[in-house]
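Both backbone and side-chain heavy atoms feed into the values below; hydrogens, waters and symmetry mates do not.
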Amino acid sequence: QVQLVESGGGLVQPGGSLRLSCAASSRTSFSFDTTAWYRQAPGNQRELVATISRDGWTNYVDSVKGRFTISRDNAKSTVFLQMNSLKPEDTAVYYCNAVGRTYSGAGGSFEVWGQGTLVTVSS
């Protein structure tokens, strides 16, 4: 089973920065096809924030373009979300998500979610 563990959330003032990490682990070999960050604010639906493909292509929701950067360290099986110029409306629980494949036996595809990490942007 592939597991994702998130870290880096916390309280930050408007205009500040925060870097989220999502580390993947598994008992078997695996690779990611697409990794993503979602967020969910109280009372709102879960929103797709950023994605990065197997080939390194990235996409962002309009509200974070120019402020957030998604990146990946394949050697460490970790995905990052660098968040700059944070705004109060960025306050949410952030979840990492991964779609990929495993190579044990016949192998197969998977989708897994992290546990979520709370980001609070407030003075």
Side-chain angles (χ1 to χ4, degrees):
Q1 180 183 8
V2 177
Q3 298 184 35
L4 303 179
V5 178
E6 300 178 0
S7 63
L11 175 64
V12 64
Q13 293 185 334
S17 297
L18 214 56
R19 184 179 178 89
L20 306 183
S21 298
C22 179
S25 64
S26 177
R27 296 182 183 273
T28 60
S29 61
F30 67 94
S31 65
F32 292 142
D33 293 323
T34 303
T35 54
W37 287 94
Y38 289 75
R39 66 186 180 187
Q40 187 167 22
N44 293 345
Q45 294 183 324
R46 190 167 297 186
E47 174 189 37
L48 178 61
V49 177
T51 64
I52 183 167
S53 73
R54 186 180 186 89
D55 296 324
W57 295 104
T58 59
N59 283 285
Y60 303 90
V61 67
D62 286 344
S63 61
V64 308
K65 287 181 178 178
R67 300 189 297 119
F68 290 12
T69 303
I70 186 171
S71 61
R72 182 179 63 216
D73 184 339
N74 290 330
K76 297 181 179 180
S77 299
T78 302
V79 180
F80 304 96
L81 184 67
Q82 178 66 47
M83 304 184 294
N84 299 324
S85 302
L86 283 162
K87 304 175 181 179
E89 50 263 44
D90 295 318
T91 296
V93 177
Y94 284 71
Y95 300 89
C96 60
N97 169 270
V99 175
R101 61 193 73 179
T102 60
Y103 300 97
S104 61
S109 62
F110 68 86
E111 181 178 5
V112 64
W113 291 85
Q115 81 283 3
T117 184
L118 177 63
V119 173
T120 302
V121 185
S122 178
S123 298

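What you find for Thr35 and Ile70 is that their closest heavy atoms are O-CD1, 4.0 Å. Counting all heavy atoms, side chain and backbone alike, Thr51 lies closest to Ala36 at CG2-CB, 3.7 Å. Closest approach of Glu47 and Ser63 over heavy atoms only: OE2-OG, 4.3 Å. When every heavy atom of Asn44 is checked against every heavy atom of Gln40, the shortest pair comes out as O-NE2, 3.1 Å.
For residues 22-59, every residue pair satisfying the ring-ring contact (aromatic ring centres under 6.0 Å, His included) rule, not counting sequence neighbours, is listed here: Phe30-Phe32, Tyr38-Trp113.
Geometrically, Arg39 does not engage Tyr95 in a cation-pi contact, judged by NZ or CZ lying under 6.0 Å from the ring centre and within 45° of the ring axis.
A 4.5 Å side-chain heavy-atom check between Val119 and Leu18 finds at least one atom pair inside the cut-off. Counting heavy atoms from C-beta outward, Leu81 and Met83 have side chains that approach closer than 4.5 Å. Here the side chains of Thr102 and Phe110 are in contact, with some heavy-atom distance below 4.5 Å.
Annotation: Gln45, atom CD; neighbour count of heavy atoms from other residues, nucleotides and ligands within 6.0 Å does not exceed 12.
Leu86 and Val93 sit in two unconnected hydrophobic clusters of ILVMFWY residues. Membership requires side-chain heavy atoms under 4.5 Å apart, directly or through other members.
Rounding to the nearest 0.5 angstrom, the gap separating the OG1 atom in Thr91 from the CG atom in Leu118 is 8.0 Å. Considering CD of Gln82 and OG of Ser21, their distance stands at 9.5 Å, rounded to 0.5 Å.
A donor-acceptor pair under 3.5 Å is absent between the side-chain atoms of Thr58 and the main chain of Ile52, judged by distance alone. Between the side chain of Arg101 and the main chain of Ser31, no donor-acceptor pair closer than 3.5 Å is present. Under a 3.5 Å cut-off, the side chain of Arg46 and the backbone N or O of Ala41 do not form any donor-acceptor pair.
For the residue pair Asn84/Ser17, the side-chain donor-acceptor check at 3.5 Å is satisfied.
Salt bridge Lys87/Asp90: absent, no basic N to carboxylate O contact under 4.0 Å.
Cluster note: Phe80 groups with no other residue, as no ILVMFWY side-chain heavy atom lies under 4.5 Å from it.
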Listing, residues 2-15 side-chain donor-acceptor contacts under 3.5 Å, not counting sequence neighbours, or none:
{"from": "Glu6", "atom 1": "OE1", "to": "Gly116", "atom 2": "N", "distance (Å)": "3.3"}
{"from": "Glu6", "atom 1": "OE1", "to": "Thr117", "atom 2": "N", "distance (Å)": "3.1"}
{"from": "Glu6", "atom 1": "OE2", "to": "Cys96", "atom 2": "N", "distance (Å)": "2.2"}

